[in-house]
Protein chains: 2
Amino acid sequence: MTESSAISWQSIRDEVLRRIRAREWRPGQLIPHEADLATEFGCARTTVNRALREVADSGMIERRRRAGTRVALHPVRRATLEIPVLRVEIERRGQAYGFTLLSRAAELPPPGICARMGSAPDRPLLHLTGLHTADGQPHALEDRWIATDAIPAAAQADFTTISPNEWLVLNVPFEGGDLTFSAHAASEGEARALRCAPGEALFVTERSTFQAGRSLTSVRLVFAPGHRVHTRL
Amino acid sequence: MTESSAISWQSIRDEVLRRIRAREWRPGQLIPHEADLATEFGCARTTVNRALREVADSGMIERRRRAGTRVALHPVRRATLEIPVLRVEIERRGQAYGFTLLSRAAELPPPGICARMGSAPDRPLLHLTGLHTADGQPHALEDRWIATDAIPAAAQADFTTISPNEWLVLNVPFEGGDLTFSAHAASEGEARALRCAPGEALFVTERSTFQAGRSLTSVRLVFAPGHRVHTRL
DNA sequence: CTCCTATTTATGTATGCACATAATAGCCAA
DNA sequence: TTGGCTATTATGTGCATACATAAATAGGAG
């Protein structure tokens, strides 16, 4: 008899998910601990641990030392969004990418930017605006603020040949940030730049990044009409 | 001397990320294999493997058996989006959640839905519309199609006490799906339901899920003005 | 009864080893 | 040259073991 076939962590993960969905383990309920599951499945605890770690990453269970593992009360779905550099996103669709720098100046930030970046209102930041194009058509309008004291090199960078978007990704590591999606009616200026009607519904992303507690940059991208962000679950 | 302190996989992950960002390992370049790194860091290959697996999950490196590990050409950022059930999202903000079923009927799906769900145009699906409210204010308009042959139980479900959103999350497991975000100008009907002006810019999510190759449901959520989706990087 | 401490316990991680698997590279034959 | 077989090699995974760490609990001092 082939007594050798080991249990894979994937099969344990699947069985755990099955039990949760079949309500054998109900939301909020404590599930058996790793050692017991290892015995039940006839494998090492390491393997159970690996499986449960994956399930925990997906948000279906919550684990705490000593307290044990319980089924999450509210099954929160988690989706991974891929956020490529705009140039790559456009070129992947087989279109020609272009970027035009529209303005560049050291300016005092408006209150909204101050709040988001935690910056002093009397301290000038580098303010850039530009247009990303795909096959010559307007794709997205970029409005960016850069903390020059945190990124001195940005003052020298030439943003006419490389977009600030890409320059920052290539040159400035960051430890975290946040990202917001929303919808917004095109202003007069946005409509002109994106060649659409004023008031048209546009997709907007706002992102800011920080490093070592310092805010680095804050950017708002207003996309041309019809833009969609897509992801798999 | 304390010769005991082991190297943690986190510290290896951080060092790997540092080298990538410092351009010691350039995009597209092959990095040393696990055994070498294990020797360099003075730890077990398992530990290096764990670290590299994490980095690979974040999208910074690509790994293939036998071929080795290389730094990703285009540093694609990955963000994890949390997609809670609407009720939970609203209640977490301390607001009172409500749902009103607006319509329920077995209908022939329009071409768009047929395409997304891979459903036959002559096969009726369960079509539901309803309004999610927060503190009595319109929050999102739901327009859902359910494949009743894949989910027979949906035909009996009472969607006036529990929203289809939540009923499906609780009762129907799925293996995958996709999710799209976009902006959309409010139609007459949407404006009436959401109590906003027609043409106003609204945030829209479209989601469809499948299981075992069969499409289960397709839903379109149109949010009231001002809605934002937020995530951390 | 309250507060603090020590113990217990479940998860988290590191290690050495073995073997599985995918994919390249090299070889040989037609 | 071409086709296909084989050996090689880097990653992927499983296991037994050991110890680390967080956190709940029990026990003891006041």
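Just the heavy atoms: all of them, side chains too, but no hydrogens, waters or symmetry mates, feed the values below. Proteins come first, then strands; the chains are lettered A, B, ... in the order of their sequence lines, and each starts at number 1.
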Sugar-phosphate, base or nothing in reach of B/R50, heavy atoms under 4.0 Å: sugar-phosphate

B/R220/B/E142 ion pair, N-O < 4.0 Å: no

Minimum-distance nucleotide (side-chain atoms of A/R66 versus C/dT21, C/dA23, D/dA23): D/dA23

5' precedence on DNA chain D between A/W9 and B/L52 (nearest-nucleotide basis): B/L52

B/E34/B/R63 salt bridge by N-O under 4.0 Å criterion: yes

Spacing between A/I61 atom CD1 and C/dA10 atom P, to the nearest angstrom: 16 Å

Atom pair distance, as rounded to whole Å: CD in B/E34 and C1' in C/dA20: 14 Å

Selected nucleotide, minimal atom distance to B/H33 side chain, candidates D/dT21, D/dA10, D/dA24: D/dA10

Sugar-phosphate, base or nothing in reach of A/T46, heavy atoms under 4.0 Å: base

Between P of C/dT13 and CD1 of B/I12, the distance in whole Å: 13 Å

Whole-Å distance separating the CG atom of B/L30 from the P atom of D/dT9: 15 Å

D/dT11 phosphate, OP1 or OP2, under 4.0 Å from B/N49 side-chain N/O: no

hbond_proxy A/R45 side chain to D/dG14 base (donor-acceptor, 3.5 Å cutoff): no

Length of the line joining A/F41:CZ and D/dG14:C1', which is rounded to integer Å: 16 Å

Touch class at under 4.0 angstrom, heavy-atom based, for A/Q10 against every strand present: sugar-phosphate

B/E40 and B/R19 ion-paired at < 4.0 Å: yes

Gap between atoms CD1 and P, on A/I7 and C/dA20 respectively (whole Å): 15 Å

d(CD, A/E62; P, C/dA10) in whole Å: 19 Å

Nucleotide nearest A/C43 (side chain, heavy atoms from C-beta), chosen from D/dA10, D/dC15, D/dT13: D/dC15

Residue whose nearest DNA chain D nucleotide is more 5′ - A/A67 or A/T47: A/T47

Sidechain N-carboxylate O distance under 4.0 Å for B/E166, B/R87: yes

Distance in angstrom units between A/R63 CZ and C/dA10 C1', rounded: 9 Å

Side-chain N or O of A/R64 closer than 4.0 Å to phosphate OP1/OP2 of D/dA22: no

Sidechain N-carboxylate O distance under 4.0 Å for B/R214, B/D149: no

